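One structure below.
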Amino acid sequence: WFEPNPGDNPEPKVKTIGYTTYDDHFFYAAIRSWDNPADIRAQLGDHDGISGNSDDFAGVILDTRNDGKSAMEFFVNAAGTQYDASQDDASGNEDSSPDLFWDSAVKKTADGWILELRIPFSSLRYQQTSPQVWGVLLYRNMPRERRYQIFDHKLPRGANCFVCNCNKVAGFEGLPTGGHIIVAPYVTASENGALRGNGNNNLLNRPAKGDGGLDVKYTPNEHTAIDATVNPDFSQVESDTAAISTNQRFAIFFPEKRPFFLERVELFSTPIQAVYTRTITSPRWGLRDSGNNGHDSYTILVAQDRGGGSVIIPSPTGSTFANQDLGATDVIGRWRHDFGGKSFASFLFTDREYEGGGHNRVFGPDFQWKPNETETLTGQVLFSESLTPNRPDLASEWDGRKMSSFGSDLWWSHSTPKLDLYSEFKDYGDDFRADQGFVPQVGYRANYGEAGYTIHPKGFFSRERTFAMAEYDSEQDGSMLYRLRGAGFGADGKFRSFTQIKFWNESFRNDGKVLTRNQLNYTFQFSVSRLIPQVAFQGWVGQDIDFFNNRLGHGALINFSAQLRPASRLTVTTTNILQWLNETAPSGAEGRLFTAQIERLRAQYMFSPLMFVRAVVQNQRTSSNPLIYGVDLPL
């Protein structure tokens with residue numbers, strides 16, 4: 001075993017032993033972690049409810065396709081809370097949205113704790129060969145005065161991959177060949193209320209409504225999964241993350257949670273976010289086929305959407321929305337071919353056919369090339385062809401016009417234990433549209449560069465990174481849109497802390513005028529005690545731009561969050577966000593332009609790892625000063 005964090009792969013201070021085996025139906029792993037029982041930190045929580053800075057946990061990372069690029073993680077904390085996630089080296093993302101079927105058990109002992117895992121082969125996708133070679137990596141997380149991460153393989157600092165470090169384990173023979181079916185029906189009920197209005201603050205409750213649907217997963221063989229859904233369950237999205245939208249020029253991203261959309265979710269992750277499945281807002285039904293064969297992987301999705309929600313209408317300086325009051329048929333597919341161990345080439349296409357006429361079609365290739373352990377080159381080119389719906393009542397652009405254009409993204413990174421360099425170039429045509437994606441800005445070119453230098457001192461901080469970045473964006477005709485010059489410092493330290501301070505000098509061209517703001521951005525995260533395992537402060541202070549009135553002001557953003565564990569089964573999380581902007585109007589009036597606030601309280605009590613009760617209270621409000629705005633207030 002090795003400790004790649006905070007150390008550089010030394011022998012760990014604690015003893016750990018791991019075991020793996022399998023039978024006709026399951027893969028098994030067990031990890032015995034020696035420790036002082038009084039020091040073990042863990043909380044019984046909902047699925048995926050563990051934290052690297054708060055919980056002792058352990059588990060296994062499985063690269064079942066042995067491609068060195070993607071893997072599934074299965075972790076359990078010392079209280080029995082499960083966590084599973086998809087790990088994708090191509091994008092560097094760890095996505096905990098997929099929830100698989102598997103079993104686990106934990107037991108505390110006089111000298112530590114023991115974990116056992118049982119993972120059905122029906123939850124895994126692997127090659128159609130015998131014998132097989134898998135990538136297997138065992139892991140232990142131990143938060144004390146620092147966060148200690150312990151693996152059964154060395155993880156070299158500065159490497160451009162993670163999954164590639166899995167141990168190669170041979171000898172898997174006679175594995176099941178599929179034939180599994182999973183059926184998940186649901187029923188929900190909801191009641192909505194609205195203020196009566198006319199100065200009456202009482203709620204008018206509408207009649208309660210019921211809903212229901214069905215998800216089905218069929219694995220005809222060991223490397224293919226077929227998903228079907230009828231009216232998928234949007235209540236999987238507990239509630240969207242609290243976010244302030246006041247004075248924002250572009251749309252805000254929220255994650256997908258519906259199970260139907262999460263099989264092989266890494267295949268929808270590309271440099272240009274041309275796939276954002278939450279744009280399929282209310283599907284009547286959906287079908288999806290995902291699988292791999294040798295060095296090729298694919299996924300294809302077809303859904304019939306009732307409509308509702310919004311479609312992003314992008315531009316160089318901001319995005320607006322069109323109410324999607326019409327249905328559509330959606331098709332999304334991607335094929336990827338792996339070569340050279342760590343590199344790949346792929347092709348993506350999407351098609352949205354609107355009811356009553358109109359469509360949006362996007363297609364194009366992308367690639368990633370890793371010639372060695374330090375260099376990565378990634379790129380994508382997409383072409384779009386659109387016929388907008390003839391619904392000018394929903395958006396001025398939706399008048400039946402034809403549009404076609406391109407979007408491209410190329411980035412390069414160089415990573416060593418001390419020096420990291422990053423450069424990215426983007427180019428989007430004025431008429432590029434991705435109605436099934438999240439592309440809130442088009443009609444511009446962007447050049448971004450960043451350089452960082454990392455050291456690992458001995459003392460309060462175990463890792464320090466100093467960095468600088470610059471960016472210049474222009475419209476297609478060369479007119480300046482945005483300019484950034486910045487520098488910062490980030491560090492990991494005692495009390496499982498993370499500190500980052502950045503100074504940004506940014507210039508924006510808005511409504512024909514260039515305005516420049518200076519901001520100090522900050523992030524402070526640390527642990528206080530077992531009762532308060534996590535506290536975070538995040539935000540900025542300095543100048544900001546009132547994009548509605550095209551003026552410069554002064555303000556701040558404070559985002560405070562804390563987690564409390566008053567009992568082993570009770571977790572309380574609080575989030576408080578406050579943003580304000582002060583400025584002087586042309587009339588001479590001076591004061592607060594707006595104050596936006598969010599208070600969110602989430603409490604969860606676990607009866608068992610599979611049963612809980614949860615309460616979420618969220619209050620969001622914005623107050624604006626019409627004397628400072630000088631015009632009718634923006635919605």
Side-chain angles (χ1 to χ4, degrees), residues 1-18 30-45 48-61 73 75-83 94 106-115 137-155 157 162 454-465 490-500 523-537 561-571 573:
W1 292 77
F2 306 90
E3 181 202 294
N5 181 58
D8 188 10
N9 294 295
E11 181 181 349
K13 299 177 182 179
V14 292
K15 182 180 179 181
T16 311
I17 295 181
I31 297 178
R32 184 172 183 181
S33 302
W34 273 259
D35 205 349
N36 179 1
D39 293 336
I40 297 174
R41 303 162 187 258
Q43 182 84 350
L44 187 60
D48 294 336
I50 64 177
S51 166
N53 281 326
S54 307
D55 291 277
D56 278 89
F57 66 85
V60 62
I61 301 166
E73 301 174 339
F75 302 145
V76 183
N77 74 1
T81 302
Q82 291 185 344
Y83 175 95
E94 177 183 307
V106 297
K107 180 180 180 180
K108 291 185 179 180
T109 66
D111 54 8
W113 66 288
I114 300 172
L115 160 68
L137 191 62
L138 300 181
Y139 173 52
R140 177 183 178 183
N141 185 82
M142 191 176 72
R144 298 297 181 265
E145 77 281 5
R146 304 181 192 275
R147 179 187 180 185
Y148 293 92
Q149 295 180 282
I150 303 170
F151 294 84
D152 71 333
H153 192 284
K154 288 186 176 180
L155 269 64
R157 285 177 174 170
F162 170 73
T454 301
I455 60 174
H456 295 268
K458 295 186 181 298
F460 183 89
F461 292 124
S462 59
R463 183 195 66 89
E464 299 177 0
R465 179 175 181 261
D492 298 322
K494 286 187 176 181
F495 308 110
R496 305 188 296 280
S497 63
F498 173 72
T499 302
Q500 187 177 80
T523 299
F524 303 108
Q525 298 176 0
F526 55 91
S527 174
V528 177
S529 63
R530 289 178 181 270
L531 174 63
I532 310 175
Q534 189 169 341
V535 176
F537 294 89
S561 63
Q563 185 182 86
L564 291 83
R565 293 180 169 180
S568 62
R569 297 173 181 268
L570 177 62
T571 302
T573 304

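Treat the numbers as computed from the prediction; the structure is a model and nothing was measured. Just so you know, residue 1 is the first one in the sequence shown, and it goes up from there.
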Examine distances only and state if a side-chain atom of S527 and a backbone atom of P533 form a donor-acceptor pair shorter than 3.5 Å. yes
Taking D55 first and then R565, would you say they form a salt bridge - that is, a charged N and a carboxylate O separated by under 4.0 Å? yes
Nearest 0.5 Å, what's the CG-CD1 distance between L564 and I532? 5.5 Å
Close side-chain approach of S568 to L44, heavy-atom, < 4.5 Å: no
Could you grab the distance from atom CH2 of W1 to atom CG of L138, nearest 0.5 Å is fine? 4.5 Å
Looking just at side-chain N and O atoms, do R147 and N5 make a donor-acceptor pair shorter than 3.5 Å? no
When rounded to the nearest 0.5 Å, the distance separating CZ of R496 from CZ of R146 is 12.0 Å
Does R140 come within less than 4.0 Å of D35, counting only side-chain N to carboxylate O? yes
Close aromatic pair by centroid cut-off 6.0 Å: F151 and Y139: yes
Taking it one step at a time, do R144 and R41 satisfy side chain to side chain contact (heavy atoms under 4.5 Å, CB included)? CA-CA 9 Å; R144 298 297 181 265; R41 303 162 187 258; 4.3 Å; yes
Donor-acceptor pair, Q43 side chain versus I50 backbone, under 3.5 Å? no
To the closest 0.5 Å, what do you measure between OG (S33) and CZ (F57)? 11.5 Å
Determine whether a donor-acceptor pair (N or O, by modelled atom type, separation under 3.5 Å) exists between the side chain of N141 and the backbone of G52. yes
